[in-house]
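One structure below.
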Amino acid sequence: MRITVIGCGYLGAVHAACMAKLGHQVVGIDVDHRKISALSEAKAPFFEPGLESLLREVQETGRLTFTTDMSAAAGNEVHFICVGTPQKKGENGADLSYVDASVEELLPYLSPGDFVVGKSTVPVGTAERLSNAVQAQEPAAHLVWNPEFLREGHAVADTLQPDRFVYGVSDGSEEHPAVAALDEVYAIPLSTGTPRLVTDHPTAELVKTAANSFLATKISFINAMAELCEAAGADVTRLADAIGMDDRIGRKFLNAGIGFGGGCLPKDIRAFMARAGELGADQALTFLREVDAINMRRRSRVVELARELCGGTLLGQRITVLGAAFKPESDDVRDSPALSIAAQLQLQGAVVTVTDPKALENAAKRFPELHYEGDVDAAISGSDALLLLTEWREYVELDPLTLIGSVGTARVLDGRNVLDAAKWRSAGWAYRGMGRP
Ligand code: UDX
């Protein structure tokens with residue numbers, strides 16, 4: 001099929017490359033010239049495992065091109081909207097200006113029988129509004145909501161082999177023409193048995209925000225248990241192992257630590273609360289305020305633990321923060337708990353050095369006041385305390401016996417509960433975890 005992908009960020013660039021991989025003829029469109037020229041040379045403008053080799057592979061076939069010119073959408077049959085919906089400044093709601101602008105710009109290029117397919121995470125009700133705009137321009141075009149569930153760091157696999165597809169169509173029926181069109185787009189993953197659900201517009205929009213709210217709640221639940229474990233002298237990692245063996249609960253997303261961050265979960269739960277308020281259903285989501293509060297409390301708890309670990313004061317302590325990205329295998333620092341903790345430590349008088357294998361450039365743009373060091377050995381040398389805040393494999397695999405010779409004082413705070421506490425202690429380190437004795 002001939003496909004347009006509007007927005008070439010973490011979602012759109014991966015989606016465009018994957019659609020070409022599935023055999024379609026794809027053009028990726030973005031207003032950012034820098035992004036487009038990088039992508040045109042098969043260079044990923046951000047770090048995502050497997051993306052660059054996929055870009056090279058599909059660009060060699062001639063099936064994938066990039067441009068800043070919206071008129072390239074003309075003649076295509078399916079137009080995906082993959083632009084960002086960040087949190088509005090000073091408010092909880094989502095900023096829909098990029099979604100609105102991209103649909104508005106696309107309208108003149110629509111032909112009868114075209115499909116506009118929303119993938120961005122939007123407040124419920126957006127699809128109906130955009131559907132009206134599409135039909136006012138071209139009555140024989142259709143708007144579908146087809147939410148994306150990809151995780152950064154696993155985005156290529158999540159797009160090519162997702163857990164499920166959700167198609168939100170205006171009448172919620174299997175007979176809607178968009179269902180056959182999307183079945184053709186996703187023919188390969190569907191042929192391997194990937195389930196797909198057809199719903200109405202609002203249900204499809206809510207599926208995404210409900211899924212992210214559930215994931216956020218699961219993380220905050222285990223972090224609340226970590227607070228209790230700390231108070232009671234229990235171990236939250238063993239507790240998670242034990243409750244996770246009940247397959248109604250499951251062990252995934254039960255890792256207690258410094259809490260969730262990133263460009264999705266924090267802003268999505270806030271936008272969801274804001275939208276529920278507009279709909280007069282705010283009571284249904286007041287629990288998400290608590291989910292958010294538990295999450296934010298983790299960040300101050302780490303600072304307190306670091307102070308305790310450093311003997312009661314942070315003043316002048318040389319602290320090495322291992323990890324700046326909001327999670328491993330990503331260079332994304334949007335709402336990264338690691339960076340927010342590093343900044344708080346520095347404000348309280350610590351001499352902070354941040355290291356990360358991929359995210360330092362983005363981190364320096366967001367927090368220019370912090371000190372960054374790309375070489376992990378140099379970052380650790382002479383340190384008074386190591387704080388493992390993003391669980392990159394190379395940090396998890398650090399050898400406590402080798403390291404002890406290069407630090408000033410052997411103290412480690414394991415913000416993600418990924419280190420072997422007994423091994424670090426027996427090597428001579430003062431070890432603290434999150435919700436572990
Ligand atoms: C999330 C959803 O998982 C994805 O389905 C959706 O499409 C977009 O939002 P992403 O933001 O890429 O994806 O990251 P995710 O893997 O969900 O992690 C989010 C945050 O939660 C990270 O900061 C991570 O470190 C943290 N986390 C995750 C925990 O603290 N504990 C866990 O057990 C799992």
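Counting starts at 1 for both ligands and their atoms, following the listed order. Just the heavy atoms: all of them, side chains too, but no hydrogens, waters or symmetry mates, feed the values below.
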inquiry  = Regarding Q87 and R334, do their side chains bring together a donor and an acceptor under 3.5 Å, going by distance alone?
reply    = no
key: For ligand 1, the residues whose heavy atoms come within less than 4.0 Å (ordered by chain, then number)   = E148, F149, L150, R151, E152, K208, N212, L215, I219, F253, L254, N255, G259, F260, G261, C264, L265, F326, K327, R416
request  = For this output row, return yes or no: ring centroids of F80 and H15 closer than 6.0 angstrom.
outcome  = yes
Donor-acceptor pairs under 3.5 Å, side chain of residues 39-46 to any protein atom, not counting sequence neighbours: which ones?
from: S40; atom 1: OG; to: I36; atom 2: O; distance (Å): 2.6
from: E41; atom 1: OE1; to: K43; atom 2: NZ; distance (Å): 3.0

For residues 243-251, which side-chain donor-acceptor pairs fall under 3.5 Å, sequence neighbours excluded?
from: D246; atom 1: OD1; to: R248; atom 2: N; distance (Å): 2.9
from: D246; atom 1: OD1; to: R248; atom 2: NE; distance (Å): 3.1
from: D246; atom 1: OD2; to: R248; atom 2: NE; distance (Å): 3.4
from: D246; atom 1: OD2; to: R248; atom 2: NH2; distance (Å): 2.7
from: R251; atom 1: NE; to: D241; atom 2: OD1; distance (Å): 2.8
from: R251; atom 1: NH1; to: L254; atom 2: O; distance (Å): 3.2
from: R251; atom 1: NH1; to: N255; atom 2: OD1; distance (Å): 3.0
from: R251; atom 1: NH2; to: D241; atom 2: OD1; distance (Å): 3.3
from: R251; atom 1: NH2; to: N255; atom 2: OD1; distance (Å): 3.3

query = Any salt bridge (Lys or Arg N to Asp or Glu O under 4.0 Å) pairs touching residues 6-32, not counting sequence neighbours?
reply = K21-E57
message = Is it the case that the side chains of Y167 and D183 hold a donor-acceptor pair, with the cut-off being a distance below 3.5 Å and no angle test?
response = yes
